[in-house]
Amino acid sequence: MRRPSPTYGRIAAVVRRVPRGSVATYGQVARLAGLGQAARQVGYALHALPPGTTVPWHRVINAAGRISLPPDAGGIDQRLRLLAEGVTVTETGRVSLERFQWRPRGRA
DNA sequence: GCGGTGACGGTCG
DNA sequence: CCGACCGCCACCG
């Protein structure tokens, strides 16, 4: 079955595993997707997601616990979506990773 | 095949 | 807490 999974496919697969009400960091997703240090690529891939996708891209934030997406590029929408799931996001786009980061069975 | 680029990450000031 | 710098890697022209 080779690994036809284009990198984007693996990234999307990992992001779909992030449960509602939790968030994951780009680096965490990259790691779980087997991309190593290609965290930047995660953001690049999410940016390339087609409209109407089922991937909860809004649950992915940076390691600093902040929304990276510029407000005028969807950051506003991302913040509202997170708030709608019960994730506390300050007006500056800060999220408490201690409280909301996804922890898949002790790994990662 | 080479080089520029980026929804990042970690360190330093 | 915030900004600047450098290092990593895959995508695209």
Side-chain angles (χ1 to χ4, degrees):
Chain A
M1 320 294 264
R2 68 214 81 97
R3 38 248 115 164
S5 317
T7 305
Y8 289 4
R10 307 193 75 185
I11 292 174
V14 172
V15 178
R16 280 197 208 81
R17 286 162 54 193
V18 181
R20 190 162 168 290
S22 297
V23 298
T25 67
Y26 294 97
Q28 183 180 8
V29 172
R31 197 171 153 74
L32 292 174
L35 295 177
Q37 308 301 18
R40 310 189 70 149
Q41 220 40 43
V42 175
Y44 202 95
L46 295 183
H47 184 251
L49 285 174
T53 178
T54 59
V55 180
W57 56 270
H58 58 281
R59 292 178 194 151
V60 185
I61 61 178
N62 62 35
R66 296 170 105 293
I67 290 177
S68 289
L69 234 189
D72 65 315
I76 302 293
D77 186 35
Q78 175 169 25
R79 175 166 179 268
L80 293 178
R81 285 177 184 248
L82 287 175
L83 287 173
E85 296 186 351
V87 177
T88 302
V89 186
T90 67
E91 287 183 43
T92 55
R94 192 168 169 305
V95 177
S96 170
L97 291 178
E98 288 301 305
R99 284 182 53 190
F100 303 106
Q101 181 168 43
W102 175 44
R103 288 166 187 176
R105 283 214 281 278
R107 287 183 290 177

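Numbered from 1 within each chain, the chains take letters A, B, ... in sequence-line order.
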- Message: So if I take every side-chain heavy atom of H47(A) and compare against dG9(B), dA7(B), dC1(C), which nucleotide ends up nearest?
- Response: dA7(B)
- Item | Separation between CG of N62(A) and OG1 of T25(A), rounded to the nearest 0.5 Å | 8.5 Å
- Message: I want to check one thing: is the phosphate of dC11(C), taken as OP1 and OP2, less than 4.0 Å away from some side-chain N or O of T7(A)?
- Response: yes
- When rounded to the nearest 0.5 Å, the distance separating CZ of R59(A) from CH2 of W102(A) is 10.5 Å
- Starting at CH2 of W57(A) and ending at P of dC8(B), how long is that distance when rounded to a whole Å? 14 Å
- Message: In dot-bracket form, 5' to 3', how is DNA chain C paired? Count Watson-Crick and G-U wobble pairs only if both distances fall under 3.5 Å, and write | where the partner sits on another strand.
- Response: .||||||.|||||
- Between the OH atom in Y8(A) and the CD atom in Q41(A), the distance rounded to the nearest 0.5 Å is 5.0 Å
- Taken to the nearest whole Å, OH/Y8(A) to C1'/dC9(C) is 12 Å
- Selected nucleotide, minimal atom distance to A38(A) side chain, candidates dC9(C), dA7(B), dC8(B): dC9(C)
- In whole angstrom, what separates Q28(A)'s CD from dC8(B)'s P? 15 Å
- Rounded to whole Å, the CG-C1' distance (L32(A) to dC8(B)) equals 15 Å
- Message: Nearest to the Q41(A) side chain among dA7(B), dG6(B), dG9(B), which nucleotide is it?
- Response: dG6(B)
- Between CG on residue L82(A) and CD1 on residue I67(A), distance to nearest 0.5 Å: 5.5 Å
- Is there a donor and acceptor pair closer than 3.5 Å between the side chain of Y44(A) and the base of dA10(C)? no
- Message: Expressed as a whole number of angstroms, how long is the span from R10(A):CZ to dC9(C):P?
- Response: 16 Å
- Task: Might you point out which heavy atoms bring G74(A) and L69(A) nearest each other, and give the distance in Å?
- Result: C-CD1, 3.6 Å
- Query: Quick one: R40(A) CZ to dC6(C) C1', roughly how many Å, whole number?
  - Reply: 10 Å
- Note on the structure: To the nearest angstrom, the CZ-P distance between R66(A) and dG3(C) comes to 8 Å
- Note on the structure: Value for CD1 (I11(A)) from CG (L32(A)), rounded to nearest 0.5 Å, stands at 11.5 Å
- Residue mapping more 5' on DNA chain C - nearest nucleotide basis, T92(A) or G36(A): T92(A)
- Interatomic distance, L97(A) CG vs dG9(B) P [rounded to whole Å]: 10 Å
- Message: Is it the case that the base of dG9(B) and the side chain of Q37(A) share a donor-acceptor contact (distance under 3.5 Å, atom types as modelled)?
- Response: no
- Between CZ of R94(A) and CD1 of I61(A), what distance do you get to the nearest 0.5 Å? 9.5 Å
